[in-house]
**Q** 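Attaching a single structure in structure tokens format; questions to follow.
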Amino acid sequence: MNRSLAIVLGALALGVALFCGSYLVSQRLCQVCVAQPAGSLDWLRKEFKLNDIEMARIQKLHADYLSQCNMLCQMVTAKKQAVAAALNTTTNVSPVAEQKLAELAACRAQCQSRMLQYFVEVSQIMPPAEGRRYLVEMQNFTLDFQGENAQPRSESAGHEHHQP
Amino acid sequence: MKENMNPDDAKLGALLRASRAAPALPPRFQENVWRRIEDAEAPVPSSSGLSWLDALAALVLRPRLALATAAVLVVAGALLGVREGTLAANQAAQAQYLDAVAPVALR
């Protein structure tokens with residue numbers, strides 16, 4: 001009885017270990033092999049089935065946008081620091097702090113407007129159906145039109161030129 | 001039968017019973033009897049479980065079957081891992097693109 005039970009339990013444990021081991025190894029290998037370098041637009045190419053000409057145009061747009069985005073992010077950071085400084089001086093929301101908050105909001109709106117413009121320009125390069133899908137997805141993810149669940153979780157801290 | 005009975009027969013019967021030596025019952029006789037009855041009536045799970053487990057153990061130890069099962073498990077695990085890994089890599093690539101074009105501060 002004890003011997004048979006030990007054999008069956010041992011076989012079960014071995015089976016579970018084999019399955020889990022092969023699952024974990026293949027998953028990790030696949031993630032490493034499929035992972036793309038930072039700044040790569042391969043995901044766009046695959047996801048929206050783009051050809052080389054479309055990709056070249058998008059890459060140019062992307063590079064132009066990133067330089068502007070970087071500048072705008074620095075502006076947002078500066079405005080945030082100004083708001084923090086205005087709030088540090090008093091326990092109330094002073095008129096100066098309100099003004100700084102309004103400036104921050106305006107700066108953010110400008111950034112978002114530029115971001116949406118970039119999405120539209122990219123979508124116009126794509127085939128019409130894919131472009132519409134891209135635009136809807138990007139708006140959902142970036143402006144949270146579908147709630148928190150629409151946000152993909154990133155393992156990295158985020159944007160390279162993201163400012164806190 | 002009743003017609004043949006008479007008081008003499010009854011006396012005779014009593015005498016016979018009195019003359020028959022009744023051996024003393026062993027201690028806890030009744031309890032033991034009931035225990036043996038219960039044991040006889042009870043199902044025998046241990047013996048059937050034993051044979052079932054032995055059969056399974058014998059099956060598990062058959063080399064061809066063990067090898068085939070191991071191969072199936074490895075292939076199934078690998079396929080599932082590739083599927084999950086691809087999905088995870090795709091999600092990571094999407095998040096990477098979004099992080100590049102839409103800084104968290106702007107969302």
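Atom set for the values below is all heavy atoms of this structure, side chains included, hydrogens, waters and symmetry mates excluded. Below, chains carry the letters A, B, ... as their sequence lines are ordered, and counting in each starts from 1.
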**Q** With side chains defined as the heavy atoms from C-beta onward, is the minimum distance between B:Tyr97 and A:Glu47 less than 4.5 Å?
**A** no
**Q** Do A:Val96 and A:Leu104 belong together in a cluster built from hydrophobic side chains that touch within less than 4.5 Å?
**A**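 Per the 4.5 Å side-chain linkage, A:Val96 and A:Leu104 are not co-clustered.
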**Q** I'd like to know if A:Val120 and A:Ile58 are part of one continuous hydrophobic network [Ile/Leu/Val/Met/Phe/Trp/Tyr, side-chain heavy atoms within less than 4.5 Å].
**A**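 In one cluster: yes.
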**Q** Atom CZ of residue position A:Arg57 - does it have more than 12 heavy atoms of other residues, nucleotides or ligands inside 6.0 Å?
**A** no
**Q** When heavy-atom pairs shorter than 4.5 Å are enumerated against chain A, which of B:Ala78, B:Ala88, B:Ala89, B:Ala76 gives the highest number?
**A**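 Greatest number of close heavy-atom pairs with chain A: B:Ala78.
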**Q** For B:Ala93 and A:Trp43, which heavy atoms make the closest approach, and how far apart are they?
**A**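 So the minimum-distance heavy-atom pair works out to CB-CB, 3.7 Å.
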**Q** Report the distance from atom CZ of B:Arg83 to atom SG of A:Cys30, rounding to the nearest 0.5 Å.
**A** 11.5 Å
**Q** Between B:Thr69 and chain A, with a heavy-atom cut-off of 4.5 Å, which part of the residue counts as in contact: side chain, backbone, both or neither?
**A**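 Neither part; nothing is under 4.5 Å.
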**Q** Looking at every non-hydrogen atom in both residues, tell me the closest pair between B:Val60 and A:Ala11 and how far apart they are.
**A**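 B:Val60 and A:Ala11 have their closest heavy atoms at CG1-CB, 3.3 Å.
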**Q** If you count heavy-atom pairs within less than 4.5 Å of chain B, which of A:Val16, A:Asp42, A:Leu18 leads?
**A** A:Leu18
**Q** Is A:Val25 linked to A:Tyr23 within one hydrophobic cluster, defined over Ile, Leu, Val, Met, Phe, Trp and Tyr using a side-chain heavy-atom separation of less than 4.5 Å?
**A**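 Hydrophobic grouping puts A:Val25 apart from A:Tyr23.
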**Q** Go through the atoms of A:Leu44 and report whether side chain, backbone, both or neither lie under 4.5 Å from a heavy atom of chain B.
**A** side chain
**Q** Only one of B:Leu73, B:Val72, B:Val74, B:Val75 passes side-chain contact (heavy atoms from CB on, under 4.5 Å) with A:Phe19; say which it is.
**A**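 Going through the options one by one, the only one that passes is B:Leu73.
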**Q** Evaluate the side-chain proximity of A:Glu137 to B:Gln94: yes if any heavy-atom separation is below 4.5 Å, no if none is.
**A** yes
**Q** Flag yes if more than 12 heavy atoms outside B:Glu31 fall under 6.0 Å of its CD atom; otherwise flag no.
**A** yes
**Q** Measure distances from B:Leu59 to the heavy atoms of chain A and classify the residue's part below 4.5 Å as side chain, backbone, both or neither.
**A** neither
**Q** Quick check for you: among A:Val32, A:Ile7, A:Leu24, which has the greatest number of heavy-atom pairs under 4.5 Å with chain B?
**A** A:Ile7
**Q** Between A:Gln31 and B:Gly85, what is the shortest heavy-atom contact and its length?
**A** CG-O, 3.6 Å
**Q** Which heavy atom in A:Met138 sits nearest to a heavy atom in B:Leu98, and how many Å separate them?
**A**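 Where A:Met138 meets B:Leu98 most closely, the heavy atoms are SD-CD2, 3.6 Å.
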**Q** Ignoring hydrogens, what is the shortest heavy-atom contact between A:Ser26 and B:Val82? Give both atom names and the distance.
**A** OG-N, 3.7 Å
**Q** Is it possible for you to say whether A:Leu14 and A:Leu5 belong to one hydrophobic cluster, with membership spreading through side-chain heavy-atom contacts below 4.5 Å?
**A**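 A:Leu14 does not cluster with A:Leu5.
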**Q** Taking side chain as C-beta onward, heavy atoms only, is B:Val101 less than 4.5 Å from A:Tyr118?
**A** yes
**Q** Count the heavy atoms of every other residue, nucleotide or ligand shown that sit under 6.0 Å from CD1 of A:Ile53, and state whether that count exceeds 12.
**A**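 No, because the 6.0 Å sphere around CD1 of A:Ile53 holds 12 heavy atoms or fewer from other groups.
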